[in-house]
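What follows is one structure encoded as structure tokens, with my remarks underneath.
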2 protein chains.
Amino acid sequence: MPTLEDVARVAGVSRATVSRVVNGKRKVAPAVQVTVLEAVAATGYVPNRAARSLVTRRTGTVAVIVSGAEPEPEDDLYLPGILADPFFGRVVGSFVRSLRPHDVHPVLMVADNDETRRQVESYLRFGNADGALLVTTDADDPLIEQLMATGRPTVLFARPAHPIPVSYVDVANADGGRLAAERLLERGCRHPGVVSGPLGVPAARSRLDGYCDALARRGHAYVPQVEGNFTFESGEAAMARLLDLAPDVDGVFVGNDVMAQGAIQTLRARGRAVPDDVAVIGFDDSSVGTLSRPTLTTVRQPVEEMAAEMARMLLEQVDAGEPAVTSAIFEPRLVVRESA
Amino acid sequence: MPTLEDVARVAGVSRATVSRVVNGKRKVAPAVQVTVLEAVAATGYVPNRAARSLVTRRTGTVAVIVSGAEPEPEDDLYLPGILADPFFGRVVGSFVRSLRPHDVHPVLMVADNDETRRQVESYLRFGNADGALLVTTDADDPLIEQLMATGRPTVLFARPAHPIPVSYVDVANADGGRLAAERLLERGCRHPGVVSGPLGVPAARSRLDGYCDALARRGHAYVPQVEGNFTFESGEAAMARLLDLAPDVDGVFVGNDVMAQGAIQTLRARGRAVPDDVAVIGFDDSSVGTLSRPTLTTVRQPVEEMAAEMARMLLEQVDAGEPAVTSAIFEPRLVVRESA
DNA sequence: GTCAAGTGGGAGAGCGCTCTTACCCAAGCC
DNA sequence: GGCTTGGGTAAGAGCGCTCTCCCACTTGAC
């Protein structure tokens, strides 16, 4: 494995000069630069990350932390639900793509209990990664505070539940609700209803509020509303309750796609055609929406763009050498398919 | 940040002794050991990975490589399909869990074209990771050979298409086909058919063969058979062809769950009740199977266990200091739900 | 022509760790 | 009693890199 020393010898200059050329730090005479570059090519030199990291205090890696409540020991699957969600892969894939051009690599960590949270914190505190990208299912995850305490740059996916000086990206959830409302009205729905996510989750609340606001502006003072918990089964059950509450409902906005599938199932079971009798709009544009019929009209978060922005923010902070507090909010988009 | 030096000073011994205690390499007098351990606790010392890695030539990280054909620039999603598959998260989550107790961390890399494959190879070749865990959708991925060439330990998920001296884990695909056949016969199916995956894919072929073999043993000399390509749409289309080919079919084994969803959709559209008129069995136990009605009976790969075994194999090879060639085959399990 | 300022390159000191070598000292042996 | 033996510790040499001096040289102004 060739070292700086080897390159220096071949190029007939000192180690320091080679280092300067490789890192482009200080001015080097063009002629020397060419010689060095040739020597690098000739020897096949690649900098040793460990050695560089030892002196620069930079690792060239960032931690991608997947966090959330401890999983239930259901079946033989012992992982936080988010890992089994296609959303996870989309986010992570986008991270990889965004970091690669900067020669930064993501180290994956899972934090699902106090012990693992502590490990993650210590990993960062001791400089094993230059920063953290946190994807958590829990808007007031204790890990957020712990990461702040390490002093490393950190960027979250989704706004934290409580005000904390930390960077994040998020989608304009309320606007998503508004898009759904407008679409339903446009289709001619006269009796819109809603199946919201758990109202303790800020995102779920915003989607609901945006939806109801938009409807109120068009004269719908009262919107029958039931609450689910983002699972298929809760979607089935919530839809059943909604039908009991408002039998004449002809359009439903559902807090996420998985629940929307459940809702459609209930509608089918009760003999209501989708979208002709009842139109359904989901949220997320997860792949389940295209793997069933009717295909699901949904509100899409630009997940890949959001993840790319997280990476960009983080690298900026890492370069600056200290955490900053910024945010970016992305506009959701209505993806019209068959269900509404 | 405390260093070995600091600990040594507090404990009143030399750096070397502290190092010995921390790494448990050579015998140290019990009394001294206690003193050192106390000093470690008092200072909050944690070894610096970069410094250690510089001298040991070990990084304490392994590359988790997701590979496959270059994705189509469809919509604004530019990622290999596998990343958006829940399967990916299950595998990766299991890696993290298995590596963590050994203080090894996974670095995620995506290789989807020649350029990125080259980068991954170079990353490993230059010792930035101690080994590689490869999850590829392409059984004769060129990356396999490239990884072998780096001389780093490598373990694959799924047997490579061509004989190559490399370690892998796999599921007994043929046994999965057999399980499906037995289940259908047990239900009383008289006219079993099959929608296979692409026959160029070894796993798809084995599933088909296992299924047909088991049926042949029970007198079903001829099994109507059509081919799909693992997508929902191809499942819909293949099922339609199968119905045309064999209108009396009353049980179908489908090469994966996503196609099975498509098949069920076609059956429903043609007025065949599932499972009463036609029973359907999928393969994978992906989450889509529980997000629709009827829920899908399927053949489950023990993905988490398989991934854990990959990690175990890799660590063993890393410890041994050189690649080895071993394999482990896991038995699939039938998960009986509503569709068969 | 002289001197100050500016520019490019070299020397060398570490970064924090491991590991080999050498040393010390107590116990065992003839 | 002097010697070996061997466990246990200290000393110090790097691992490959960056970065801060510092020196040599060029340039421009007076």
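Order of the sequence lines fixes the chain letters, A, B, ..., with proteins taken first and strands second; residue numbering starts at 1 for each chain.
The side chain to side chain contact (heavy atoms under 4.5 Å, CB included) search around A:R9 returns A:E5, A:D6, not counting sequence neighbours. When the side chain to side chain donor-acceptor pair (under 3.5 Å) test is applied to B:T136, the partners found at least two apart in sequence or on another chain are B:D141. Scored by the side chain to side chain donor-acceptor pair (under 3.5 Å) test, B:Q33 finds no partners at all (sequence neighbours excluded).
Checked against the 6.0 Å centroid threshold, A:F157 and A:F87 count as a close aromatic pair.
Listed by first and then second residue, the salt bridge (charged side-chain N to carboxylate O under 4.0 Å, His left out) pairs that reach into residues 309-319 of chain A are A:E309-A:R312, A:R312-A:E316, sequence neighbours excluded. Residue pairs satisfying the side chain to side chain donor-acceptor pair (under 3.5 Å) criterion with at least one member in residues 54-65 of chain A, sequence neighbours excluded, are listed as follows: A:T59-A:T61, A:T59-A:D130. Residue pairs satisfying the side chain to side chain donor-acceptor pair (under 3.5 Å) criterion with at least one member in residues 146-169 of chain B, sequence neighbours excluded, are listed as follows: B:E121-B:Q146, B:D140-B:H162, B:R159-B:Y168, B:S167-B:Q317. Identified under the ring pair (Phe, Tyr, Trp, His ring centres under 6.0 Å) test for residues 11-44 of chain A, with sequence neighbours left out: none.
Helix bend of the helix from C:dG1-D:dC30 to C:dC30-D:dG1: the angle between its two end axes, each built from five pairs, comes to 50° after rounding to 10°.
As rounded to whole Å, 11 Å separates atom C1' of C:dC19 from atom CG of B:N23. In this structure, B:E5 places its CD atom 10 Å from P of D:dA11, rounding to the nearest Å. In this structure, the CZ atom of B:R9 is 17 Å from the C1' atom of D:dA11, given to the nearest Å.
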Going 5' to 3' through nucleotides 9-16 of chain C, assign each nucleotide B (protein heavy atom under 4.0 Å from a base atom), S (under 4.0 Å only from sugar-phosphate atoms) or - (no protein heavy atom that close). BBBBB-BB
